[in-house]
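Note sheet for the following structure.
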Amino acid sequence: MGQQPPIGAPETVETNLTGVALMSSPMLNKGTAFSEEERDLFDLHGCLPPHVGTLDEQVVRRLKVLHAFDSDFERYTFLRDLQDTNETLFYALILRGMHETLPLVYTPTVGEGCQRFSEIWRKPRGVFLSYPNKHRIRDILAAPRFDKVKVIVVSDGERILGLGDQGAGGMGIPIGKLSLYTACAGIHPDETLPILLDVGTNNRERLEDPIYVGWRHERITGAGYDDFIEAFVSAVIERWPNVVLQWEDFAGSNAARLLERYRDRLCTFNDDIQGTAAVAAGTLMAAINVTGVPLKDQRIALLGAGSAGCGIAALLRQAMIEDGLAPDEAQGRFFAVDRDGLLMEGMNNLSPAQQQFAQSRDTVAGWTHETPGHISLYDVAVNAKPTVLIGVSGQPGAFTQPVIRAMASGTERPVIFPLSNPTSRCEATPQDLLDWTDGRALIGVGSPFPCPTWDGGEVSICQTNNSYIFPGVGLGLIASGARRVTDRMFMAAARALADLSPTRTDKTAPLLPPVDQLRAVAFEVALAVARQAQADGVAEPCADDLLAARIGAHVWEPKYRPYAKADGTGA
């Protein structure tokens, strides 16, 4: 058949495909850039117009089309079609303008892409493993086209961003995440595999949609669900013993327990828990360059105490301990607010992760309350005087003006991260946060927003998105040959990200590097993760220069290679 060569292979691509079949392979198609010699060799005359173009010309042509659309959803659909037609061109276009294209291939536009997945589905990409086919999982994954897979992103579609259960439409997330693995970290497209575990959906709109492409059944839960996951993981381990498996957008009730169940059986992590924690921690460490308040002296309020919120708190608590704070004192610096208010000791139905951050009754004994018996986020802002406010609640507008003004009255430079995705679920807009803090807030957002203005000028803000973390984590795991993923790797990733902050030399700069530098960021994160893998004893040791060379060798560049016939003859 033929494929673009993986890393380390000769530059010339050998294939026995010809004509339309060759042009129908997304990884092999060059469109108008096939040379005259290749057109002779592969029977392409007549399939193409006579002009022999270049990749750069094609990027310019596709960008012109992209800019002509009226909506970002149309642009998202166009880019998905381009990815399924010519992957080299797709990634060349993405890299040409990451600031413009990242919000189109991922958040916020991917949210609508998941909601409308059934109406735009055209060509197979990745693998749908449905519950009725649970006995076929091994056979499905055995396909030869998956032989080169090194990293998998898997979702069951139950908690897509802040949009809830999207069923089979959740496949947009693994596809989008793996696009960033390639665009940001250079993982070869043939080495990535998006998987959707279709165990049904409880979304009535999807079930009643006549064009819904998923399994029309309410979600499987309990032992049936667990057995299906076990069958999937066992098949993955058997098929790819050294694969990196990333869990994505599982409901809070499943996310942490599945990670805990499988983290010692294969090289796996949950990006919603660990990646979100690392990017939040790295961005807060960067903000300290501006505020001058050491991490161990911060008081942190969290809105949303699910798997993401507790993951952030756990990593920041460990960072405080590493910076010299006693464990009990570090734990007391977190004020986690969920649907029932501030987490407190003695509350019913707290998960083990939430119990770790439940405040003592003594701490809040003298607090004032808006509502008797209930401690709200506003109460926390007034009484705890947090220096940092992080939102992972999925509740738009939850950072209200009274909350933000109360927080800002107790700290000179309030650090505020409304991280919920997509944009429609963000806890507050950057412009409101600047207005309500008199221009003093240091802001990180999960999805891109227009630059807010203050005092007659634009204020640069950073997109505190997991794309700063997970591509580099995956690259570091692959390049180092890590056997397992450790918590310390995410601390290393967070500190590596903080070290790249522009605020180290300019306190007026954004907290994180611009997104068009994400490939450079991924390299440094990968190096930090690979070093940590060696330190933790889950990867074989080697010299630093060799480790850097291994990472660099895994970075694929989207460019056209010369083609030859698989029998050895060719241009």
Side-chain angles (χ1 to χ4, degrees), residues 1-4 6-7 25-28 83-84 87 117 121 123-158 167-179 181-182 187-201 213-215 217 219-220 223-250 254-255 258-259 261-271 470 474 477-478 481-485 554:
M1 291 290 290
Q3 292 177 310
Q4 285 274 19
I7 306 305
S25 169
M27 200 64 246
L28 293 175
Q83 185 179 19
D84 288 339
E87 290 206 65
F117 186 86
W121 188 88
K123 297 180 180 179
R125 175 166 290 272
V127 173
F128 289 87
L129 297 176
S130 62
Y131 188 79
N133 281 327
K134 57 183 179 292
H135 60 292
R136 296 189 176 98
I137 291 177
R138 279 181 167 77
D139 292 340
I140 293 170
L141 297 183
R145 66 183 184 277
F146 302 141
D147 286 350
K148 298 175 183 178
V149 168
K150 293 182 179 178
V151 58
I152 293 170
V153 174
V154 61
S155 179
D156 70 354
E158 187 171 6
M171 177 57 110
I173 296 296
I175 290 173
K177 286 279 186 177
L178 287 167
S179 296
Y181 264 106
T182 299
I187 306 297
H188 194 285
D190 284 343
E191 298 174 348
T192 69
L193 181 61
I195 295 181
L196 190 285
L197 304 178
D198 189 353
V199 292
T201 179
V213 297
W215 182 44
H217 195 284
R219 277 192 173 271
I220 300 297
Y225 178 87
D226 287 350
D227 290 347
F228 183 72
I229 299 296
E230 174 63 29
F232 162 69
V233 173
S234 297
V236 166
I237 294 172
E238 181 180 305
R239 178 70 164 95
W240 304 284
N242 302 312
V243 78
V244 176
L245 176 67
Q246 176 176 320
W247 306 86
E248 196 67 41
D249 284 359
F250 284 73
N254 291 321
L258 291 178
L259 175 63
R261 177 177 299 172
Y262 294 113
R263 64 184 306 166
D264 294 326
R265 287 179 55 183
L266 75 166
C267 191
T268 190
F269 68 96
N270 185 301
D271 188 50
F470 72 83
L477 293 170
I478 292 169
R483 296 179 291 277
R484 298 290 181 268
V485 181
H554 279 82

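Just so it is clear, the model here is predicted, and its values are computed rather than measured.
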Q.
List the residues meeting salt bridge (charged side-chain N to carboxylate O under 4.0 Å, His left out) with Asp198, not counting sequence neighbours, and say none if there are none.
A. none
Q) If you round to the nearest 0.5 Å, how far is CD1 of Ile175 from CG of Leu196? A) 8.5 Å
Q. Side chains of Leu245 and Tyr262: does their closest heavy-atom pair fall under 4.5 Å?
A. no
Q | Listed partners of Asp147 passing side-chain hydrogen bond (donor to acceptor under 3.5 Å, both in side chains), at least two apart | A | Arg239
Q. Is there a donor-acceptor pair under 3.5 Å between the side chain of Thr182 and the backbone N or O of Ser179?
A. no
Q | For the student: nearest non-hydrogen atoms of Asn270 and Leu259, plus distance | A | N-CD1, 3.9 Å
Q: Carefully, step by step, assess Trp215 and Asn133 under the rule side chain to side chain contact (heavy atoms under 4.5 Å, CB included).
A: CA-CA 11 Å; Trp215 182 44; Asn133 281 327; over 6 Å; no
Q. Just how far is it from atom CD1 of Ile137 to atom OH of Tyr131, taken to the nearest 0.5 Å?
A. 10.5 Å
Q: Kindly write out the residues that satisfy side-chain hydrogen bond (donor to acceptor under 3.5 Å, both in side chains) with Glu248, not counting sequence neighbours, or none if the list is empty.
A: Lys177, Gln246
**Q.** Closest heavy-atom pair and its distance - Ala482, Cys267
**A.** O-SG, 3.8 Å
Q) Do Glu191 and Ile478 come close enough that some side-chain heavy atom pair is under 4.5 Å? A) no
**Q.** Partners passing side-chain hydrogen bond (donor to acceptor under 3.5 Å, both in side chains) against Glu238 (at least two apart in sequence or in another chain)
**A.** Arg138
Q: Classify the angle between the aromatic ring planes of Trp247 and Phe250 as parallel (below 30°), tilted (30 to 60°) or perpendicular (above 60°).
A: perpendicular
Q: Quick one: closest heavy-atom pair of Val149 and Thr192, and the distance?
A: CG2-O, 4.4 Å
(Q) Pair Arg261, Asp226 - check side chain to side chain contact (heavy atoms under 4.5 Å, CB included), show working. (A) CA-CA 11 Å; Arg261 177 177 299 172; Asp226 287 350; 3.7 Å; yes
Q | Rounded distance (nearest 0.5 Å) linking atom OG1 of Thr201 with atom CG of Asp156 | A | 10.0 Å
Q | side chain to side chain contact (heavy atoms under 4.5 Å, CB included) between Ile237 and Val233, worked out | A | CA-CA 6 Å; Ile237 294 172; Val233 173; 3.8 Å; yes
Q: Over all heavy atoms of both residues, which pair between Leu141 and Ala235 is shortest? Give the atoms and the distance, please.
A: CD1-CB, 4.1 Å
Q) Closest heavy-atom contact between Pro174 and Val154? A) CG-C, 4.4 Å
Q.
Is there a side-chain contact between Leu197 and Tyr225 in this structure, where contact means two heavy atoms from C-beta onward sitting under 4.5 Å apart?
A. no
Q) Closest approach of Gly126 and Leu193, non-hydrogen atoms and distance? A) CA-CD1, 4.1 Å
Q | Non-hydrogen side-chain atoms of His554 and Lys150 separated by less than 4.5 Å | A | yes
Q: Flag the pair Phe470 / Val153 as yes when at least one side-chain heavy-atom distance between them is below 4.5 Å, and no otherwise.
A: no
Q. Less than 4.5 Å apart, any side-chain heavy atom of Ile140 and any of Phe128?
A. no
**Q.** Sequence-distant partners of Asp84, side-chain hydrogen bond (donor to acceptor under 3.5 Å, both in side chains), two or more places apart
**A.** Arg80, Arg125
Q. Who pairs with Arg484 by side-chain contact (heavy atoms from CB on, under 4.5 Å), at least two apart in sequence or on another chain?
A. Val538
Q) NZ of Lys134 to CD of Glu230: how many Å apart, nearest 0.5 Å? A) 14.5 Å
